[in-house]
Amino acid sequence: MRKYLLSSDPNTEGIRRRRLGQFITITIVALLISSAHNVFFGNWRDAILLVSGAVLTLGAYGMAKRGHTQAASSTFTLSLLAVLAAIHWLSTGTHDPTLLAYPALMVFTGLLCAPWLFWLEFALIMLNITLLVIAEAQGWRIAKDALPGWPFWIDVTLIMVTVSMSIALIMRDFRHALASLRSENQRVRRSQKEVEFLASHDALTKLPNRLLARDRCEHALALARRAHKQTALLYIDLDNFKTINDSLGHAAGDQLLLTMSERLQTCVRESDTVARQGGDEFLIILECIPAPDIAADIAKQVIQRLAEPLALGPLNITATCSIGVAVAHDQQDDFDSLLQKADMAMYRAKGAGRNAFRIYDDSMNTKATEQLELASKMRVALIKSEFTLHYQPQFDLRSGQIIGAEALVRWRHPELGLVPPGKFIPVAENSGLIVEMGEWIVLEACRQAKCWLDEGLGELVVGINISPIQFRRGDVEQLINHALAQTGLPAHLLELELTESLLLEDSAHLKTILQNLRSLGISFSIDDFGTGYSNLSYLKHFEVERLKIDQSFIRRLSDDAHDEAIVRAIIQVADSLNLHLIAEGIEDTRTLTKLQELGCEQGQGFLWSPAITASEFKRYVLQHQASPSPAA
Ligand code: C2E
Ligand code: MG
Ligand code: MG
């Protein structure tokens with residue numbers, strides 16, 4: 001490839017062979033014409049030399065035809081060199097017009113042959129001319145003057161025509177080469193631009209990616225410092241995007257992301273940046289805002305805009321989002337710190353029930369640090385067995401019988417005292433510790449329930465709260481199988497309390513796990529029913545035995561008509577779906593009576609007992625069995 005100008009590269013080899021053929025043809029024609037005119041002027045010797053040159057050149061042509069391009073090129077140029085040298089020595093020497101053919105010969109050689117041959121020919125030509133000059137100067141050879149007139153004109157014309165035609169062909173090659181070089185160059189530049197674009201933009205939405213967002217944010221921060229203005233970062237996370245993606249497919253998910261990205265762009269000025277952070281997360285960088293309220297206004301606007309209905313295939317859905325807002329206050333704030341703050345605030349918004357925004361304040365950071373500390377204390381607590389299980393009795397409201405117990409975890413920390421589950425369960429869920437903790441809870445609850453069975457307390461069903469995280473990160477099926485096998489508890493005495501949010505995920509994997517567990521004889525209930533989602537379609541897809549009405553509806557049942565209406569509706573749902581129903585948080589007899597009137601069949605609450613230790617529970621059951629009270 002580097003050896004020849006018209007190289008042996010398959011793409012240009014054809015051109016090289018063609019050009020060689022053309023050069024040879026032009027040269028043979030020129031040689032024959034020249035030989036003819038030499039005959040005409042009676043110069044037989046030159047005519048014979050020229051014809052021999054034509055014959056040699058014809059041989060080169062044959063080689064080229066057979067595909068030996070390299071050999072043909074060398075033969076062609078060397079034959080010409082030989083013929084020219086012979087003519088010079090045998091006729092007019094340094095006065096011969098054919099000297100003009102040397103530059104042309106060098107052009108052919110340069111184009112067609114290897115560099116070493118080019119330089120060899122150059123050396124031979126120079127040697128030839130030098131020897132000629134010396135021979136003529138020394139009188140060893142008598143220089144004849146070149147014949148003036150027509151023979152001279154014909155020789156020069158032939159050389160000029162041959163050289164010009166060859167150069168015209170070469171020029172065409174160069175023009176083509178330049179044109180294709182230009183278009184290749186443009187193509188390379190285009191793809192270079194695309195690569196650069198993709199390195200800084202998201203391929204789906206074409207929005208700036210995190211990398212470019214960082215750049216823009218740093219720039220905005222610098223600008224704001226100079227202009228004494230503020231920069232805000234909004235961290236936007238679509239709520240329940242995974243559910244949409246899983247249930248409607250990835251194409252629908254992509255469509256949703258595209259629409260959301262377009263809507264986001266309509267909420268900000270051109271100078272602001274909307275970027276895709278990844279997955280279902282977007283960022284908005286608000287440049288040079290005069291006051292933090294603007295960021296809050298934009299967040300409100302984004303929530304409204306994104307919540308507009310959207311046609312996704314056959315469905316009309318409403319996608320909501322949770323937003324965390326961080327406003328840069330001091331010189332220290334950079335993209336990373338702002339992002340971390342906005343992320344923290346976004347989680348707050350999610351925790352507050354989603355479809356909301358929260359503005360970061362320093363207390364959030366303190367809280368996050370506290371949670372980290374709590375998580376590390378929980379790790380120690382698991383090793384030191386600081387957790388215990390308490391049990392809250394559950395009653396049949398008609399017969400007054402104890403039908404089972406809900407196992408509720410308790411943590412007695414040596415310094416912090418009794419830490420309520422409402423405080424440590426969310427931390428355990430966020431840190432993933434719930435999986436390990438959950439394993440212990442299941443084993444311990446099953447062991448205790450089997451003990452009570454063996455001690456003659458009767459068939460009491462123990463309910464265990466299972467966090468969605470345990471399904472996502474742990475192997476619940478294997479855990480339950482193991483616990484039942486190890487403790488010998490009959491499966492029908494075990495109930496797993498699931499959350500609505502888990503069932504809303506509607507994944508095939510979850511369905512299989514629940515079916516497998518059900519086939520063992522385990523039952524399921526939905527905890528805190530009524531607080532989660534208005535869409536109850538999951539009740540069609542997952543079989544459960546029991547709904548647990550959330551205590552928030554029970555607490556004010558006797559005084560609040562709305563709560564009564566909700567409880568009535570839940571009772572109807574349970575009736576028509578043939579599900580058992582238990583009310584949580586019954587604290588007084590008025591509420592109990594009301595529930596009995598409405599037709600609720602089971603209950604638990606402080607009216608009877610809070611969650612108590614296993615031994616207290618055993619005493620409680622034995623006492624209750626001896627003198628049943630106060631359900632009826
Ligand atoms: P939950 O599963 O809805 O549990 C019922 C909660 O209501 C318990 O709070 C219980 O003590 C409380 N409660 C029962 N009767 C009454 C009443 O009459 N009045 C009032 N005000 N409260 C009543 P607890 O034990 O603090 O648990 C809170 C939440 O923590 C539980 O709500 C559950 O979601 C979670 N949790 C507790 N133990 C576990 C566990 O072992 N595993 C998991 N994953 N979560 C647990
Ligand atoms: Mg529960
Ligand atoms: Mg509950």
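Small disclaimer: the values here were computed from a predicted structure and weren't measured. Each ligand, and each atom within it, is numbered from 1 in the order the structure gives.
Counting only heavy atoms, the protein gets under 4.0 Å from atom 45 (N) of ligand 1. For atom 17 (C) of ligand 1, a protein non-hydrogen atom is found at a distance below 4.0 Å. In this structure, atom 41 (O) of ligand 1 has a protein heavy-atom contact shorter than 4.0 Å.
The environment of His580 atom NE2 is sparse: at most 12 non-hydrogen atoms of other residues, nucleotides or ligands sit within 6.0 angstrom.
At least one N or O atom of Asp527 sits closer than 3.5 Å to an N or O atom of ligand 1. Any N or O atom pair closer than 3.5 Å counts here, and Leu607 shares no such pair with ligand 1. Polar contact with ligand 1: absent for Gln604 (N/O pair, distance under 3.5 Å). Close N/O approach between Glu584 and ligand 1 is found [any backbone or side-chain N/O within under 3.5 Å].
The Mg ion (ligand 3) has Asp527 OD1, Asp528 OD1, Glu584 OE1, Glu584 OE2 as its protein N, O or S neighbours under 2.8 Å.
With distances taken over non-hydrogen atoms, the option nearest atom 11 (O) of ligand 1 out of Glu444, Lys423, Met437, Arg410 is Arg410. Closest to atom 4 (O) of ligand 1 by heavy atom, among Lys548, Glu406, Glu497, is Glu406.
A side-chain N or O of Gln394 and one of Gln604 form a donor-acceptor pair less than 3.5 Å apart. Side chains of Ser322 and Asp239: a donor-acceptor N/O pair is present below 3.5 angstrom, by distance only.
Close contacts between ligand 1 and Gly605 involve ligand atoms 15 (N), 18 (O) [criterion: under 4.0 Å to a heavy atom]. Within the listing of ligand 1, atoms 43 (C), 45 (N), 46 (C) sit less than 4.0 angstrom from a heavy atom of Ile425.
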Apply side-chain contact (heavy atoms from CB on, under 4.5 Å) to the pair Leu389 and Trp440, showing each step before the final yes or no. CA-CA 10 Å; Leu389 283 186; Trp440 174 80; 4.0 Å; yes
Hey, mind stepping through Glu429 and Ile425 against side-chain contact (heavy atoms from CB on, under 4.5 Å) and telling me if it holds? CA-CA 6 Å; Glu429 288 183 328; Ile425 292 284; 4.1 Å; yes
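Between Glu406 and Lys548 there is a salt bridge, with a side-chain nitrogen of the basic residue lying less than 4.0 Å from a carboxylate oxygen of the acidic one.
A distance of 10.5 Å separates CG in Leu498 from CD in Gln470, rounded to the nearest 0.5 Å. Annotation: the span from Glu564 atom CD to Ile554 atom CD1 amounts to 11.0 Å, rounded to 0.5 Å. The CZ atom of Arg348 lies 5.0 Å from the CE atom of Met364; values are rounded to the nearest 0.5 Å.
Leu408 CD2, 3.5 Å is the protein heavy atom nearest to atom 37 (C) of ligand 1. Residue, atom and distance of the protein heavy atom nearest to atom 39 (C) of ligand 1 are Val409 CG1, 3.7 Å. Considering only non-hydrogen protein atoms, atom 3 (O) of ligand 1 sits nearest to Asp528 OD1, 3.0 Å. At the top of the distance list for atom 21 (N) of ligand 1, counting protein heavy atoms only, stands Glu587 OE2, 3.1 Å. Closest to atom 43 (C) of ligand 1 among all protein heavy atoms lies Asn465 CB, 3.5 Å. Protein heavy atom nearest atom 15 (N) of ligand 1, with residue, atom name and distance: Gln392 NE2, 2.9 Å. Of the protein's non-hydrogen atoms, the one nearest atom 6 (C) of ligand 1 is Gln551 NE2, 3.5 Å. Closest to atom 27 (O) of ligand 1 among all protein heavy atoms lies Pro421 CG, 3.5 Å.
Residue Ile586 touches ligand 1 through its backbone alone, judged by heavy-atom distances below 4.0 Å.
Residues Leu372 and Ser376 have side chains not in contact (no heavy-atom distance under 4.5 Å, counting atoms from C-beta outward). Between Phe357 and Leu234 the shortest side-chain heavy-atom distance does not fall below 4.5 Å. In this structure the side chain of Thr259 never reaches within 4.5 angstrom of the side chain of Leu256, judged on heavy atoms. Between Val327 and Thr231, every side-chain heavy-atom pair lies at or beyond the 4.5 Å cut-off.
Taking the six-membered ring for Trp, Tyr360 and Tyr235 have ring centres at least 6.0 Å apart.
Taking the Mg ion (ligand 2) as reference, Glu406 places its N/O/S atom OE2 nearest.
Of the residues listed (Tyr391, Phe395, Phe617), the one engaging Trp608 in a ring-ring contact (aromatic ring centres under 6.0 Å, His included) is Phe395, and it is the only one.
A donor-acceptor distance shorter than 3.5 angstrom exists from the side chain of Ser431 to the backbone of Val427, with no hydrogens or angles considered.
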